[in-house]
2 protein chains.
Amino acid sequence: MEKMTIKDIAKLVGVSTATVSNYLNGNLSKMSPATQKKIADMIRNTNYVPSSVARGLATNDSKTIGVSVADITNPFTSTVLSGIYEECGKHGYRVLFTNASSDASHETDNISKLQNQQVSGLIIDPVEGDSPIYKTITNRNAVMIDRQAKQIKVDTVVTDNFDSVKRFVSKMLDEAYDVMYYVSWPLKNVSTRWNRYNGFLAATGYVSGTHYLSVHNTGDTSEFLDELTAIMKENAGKKVGFFTMNGRVLIRLLAAMEFLGLQYPIDYGVGSYEDLDWMSILKPAISCISQDSYAIGTMSAQILLNKLDAKSEMEPRLIEVPTSEKIRGSF
Amino acid sequence: MEKMTIKDIAKLVGVSTATVSNYLNGNLSKMSPATQKKIADMIRNTNYVPSSVARGLATNDSKTIGVSVADITNPFTSTVLSGIYEECGKHGYRVLFTNASSDASHETDNISKLQNQQVSGLIIDPVEGDSPIYKTITNRNAVMIDRQAKQIKVDTVVTDNFDSVKRFVSKMLDEAYDVMYYVSWPLKNVSTRWNRYNGFLAATGYVSGTHYLSVHNTGDTSEFLDELTAIMKENAGKKVGFFTMNGRVLIRLLAAMEFLGLQYPIDYGVGSYEDLDWMSILKPAISCISQDSYAIGTMSAQILLNKLDAKSEMEPRLIEVPTSEKIRGSF
DNA sequence: CTGTTAGCGCCTTCAT
DNA sequence: ATGAAGGCGCTAACAG
């Protein structure tokens, strides 16, 4: 069975390619029910599938969504991606995948390549808060995830960072913690980290820059250990609580505490952003804020696809996806 | 700056499109150094980027690798994907992503769509051991991951399942366990699960079908709990060990044991396939077999891309990626 | 209702 | 060393 083309179908059925094309595109009003059926049958019999490449050339629309993620290895990200994929599939769009591996220049490369590959739209899960490349994307055909620029230029889907952390940390405070600390990757200019920190500050009333502790994703943790040691010593006798900004940070904290011979919820208390499967089997289980990563994926795709066919230029929106709390026994 | 085409460049430089095309494709021998330079400059100045869609149409090669994964949410899978992406990028290929969400019919759909979208090649991380759709893929332009059919028809990249489990379980046995059990998702016809089970059998000498315990990924675990209870009762007084076939199964086991009020390594011992970040912070930390998921990704892409340009039909190979052991304190 | 006919942007003989 | 021209498979006016 050779590769069929629209021409073959047209010839076999005895109509012109235009008619077949119209059929393919749902312009059924433009032909008799009889030819409709003949074409339908022929397509079925020959297993004909139109070439999306050729169609892309002709329509200048590849029906492809380019996705740039910061780090696909992050459980949050892979769940988001699965949401994006499902939603795109539902609307007949394909997904061109790129991954920055947390490297900003890699990301720049990825995004500009996607742009040069005539994708219909772009979904970006940014590595950092800002990058020159972000200026090159337009609200017409892009949405960003998780990054809340000071001035939103492009539709952005984020999780409820500030408020959920504020509520959660307040709850910790209610448990009579004397002092609290926010643990995070280096804040840099990553809005997610800042928003959660600000929620923390709002709940505690601390001033910005204090009660903040950072770990690096990679390399040695001796510095972190020192800071932690200092904190625990400084607050000897007090009830001290920690809020970690995601699961991986939590792992760093727990490992460090373990190293220092300290145990929660006795020597300290913990709560975390992000709900990962393993958190529930720790003893005690970790109380956390659960974000709906899948929904973030589907929402962002939905918004993007909507504006792709709406064709009307809207002003950029900020969509906040709600979270839920899982209170277990870690504080 | 309008969208440049090859024609524009040709006109601006004062040559024909053929010459520009030759330049673009590295056929530099076909033109004078002078024109080479002129073209190069013009391309740079105008920011011209050839349309991959048009090129795809003309060459009938989209320079795109279609990827079908069983479940992107699985940490193994997302790491594999990152490997695939890096390797493909290195060779100028793009990655079209699809995800089956562990659903076989969804997968069938994904793969056949990819096939109809003139991808240059296919990488498949299969949902199950077999599916009619797998018959439609050819070794010419595809590689499979992690699935070892009885008869390999397509290059397949797997991790060292059998031997590494055999070695690891032997090591557990050396710790004087009286009896051991293999815990897994339902074996079905998934080669990975079977191979690990067979390695387990080889180490223990048990007969197939015994000392095997399955959990379902979803739904209630009461059945599992009952089986576990029976096992622990039946082996009262004995030193009993468990080997879980991956991290998620391990979580199920630990949760169940916790529910039964049992603790490792006192009441039982555990070891697992797969090395996940949280395993090292459990107390005691989990001893496990660490597979190189990233390498599996890069290898499979490498093999695929190699044969895509080698153009010589080779016979299907089975590539086994080695593992390493992390012995910690869980048994 | 249906057919004709230009393109879409690039590649590729075949001439020159 | 360079150019002219046809074609890849499909779409979209415009005719009829």
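The chains referred to below are lettered A, B, ... by the order of the sequence lines, with proteins before strands, and numbering in each begins at 1.
Classification of Arg147(A) and Asp125(A) as a salt-bridged pair fails, no side-chain N sitting under 4.0 Å from a carboxylate O. Between Asp61(B) and Arg55(B), no side-chain nitrogen of the basic residue sits less than 4.0 Å from a carboxylate oxygen of the acidic one, so the salt-bridge criterion is not met. The residues Lys38(B) and Asp41(B) are annotated as not salt-bridged, no charged nitrogen and carboxylate oxygen being separated by less than 4.0 angstrom.
dC8(D) atom C1' lies 16 Å from atom CZ of Arg55(A), rounded to whole Å. When the C1' atom of dT2(D) is taken as reference, atom CD1 of Ile39(B) falls 10 Å away, rounded to whole Å. Put simply, CG on Asp8(A) is 8 Å from P on dG9(D), counting in whole angstrom units. Across the protein-nucleic acid pair, Gln118(A) atom CD and dC10(C) atom C1' stand 11 Å apart, rounded to whole Å. Atoms CG (Asn27(A)) and P (dC10(D)) sit 16 Å apart, rounded to a whole Å. Atoms CG (Leu28(A)) and C1' (dC1(C)) sit 13 Å apart, rounded to a whole Å. With rounding to whole Å, Asn25(B) atom CG is found 9 Å from dC10(C) atom C1'. As a whole-Å value, the separation of Asp61(B) CG from dC8(D) P is 17 Å.
Contact record, Glu87(B) with Leu305(B): O-CD1, 4.0 Å, taken as the closest heavy-atom pair.
At distances below 3.5 Å, not a single donor-acceptor pair connects side-chain atoms of Asp109(A) with backbone N or O atoms of Ser105(A).
In the model, Ser51(B) has a side-chain atom that pairs as donor or acceptor with a side-chain atom of Gln118(A) under 3.5 Å. Counting only N and O atoms by type, the side chains of Gln115(B) and Thr136(B) include a donor and acceptor under 3.5 Å apart. Between the side chains of Ser32(B) and Thr35(B), at least one donor N or O lies within less than 3.5 Å of an accepting N or O.
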If you apply the rule salt bridge (charged side-chain N to carboxylate O under 4.0 Å, His left out), what do you find for Asp8(B) with Lys11(B), and how did you get there?
CA-CA 5 Å; Asp8(B) 298 325; Lys11(B) 193 167 300 170; 5.6 Å; no
Using atom names, set out every protein N or O paired with an N or O of nucleotides 2-8 of chain C below 3.5 Å, distance rounded to 0.1 Å.
residue	atom	partner	partner atom	Å
dT2(C)	OP1	Ser32(A)	OG	3.3
dT2(C)	OP2	Ser32(A)	N	2.7
dT2(C)	OP2	Thr35(A)	OG1	2.9
dG3(C)	OP2	Ser16(A)	N	2.7
dG3(C)	OP2	Thr19(A)	OG1	3.2
dC8(C)	O2	Ala58(A)	N	3.3

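Tyr23(B) comes within 4.0 angstrom of nothing in the nucleic acid, heavy atoms only.
Axis angle across the helix from dC1(C)-dG16(D) to dT16(C)-dA1(D), with five pairs used at each end and values rounded to 10°: 40°.
Between Ser51(A) and dG9(D), a side-chain N or O to OP1/OP2 separation shorter than 4.0 Å is absent.
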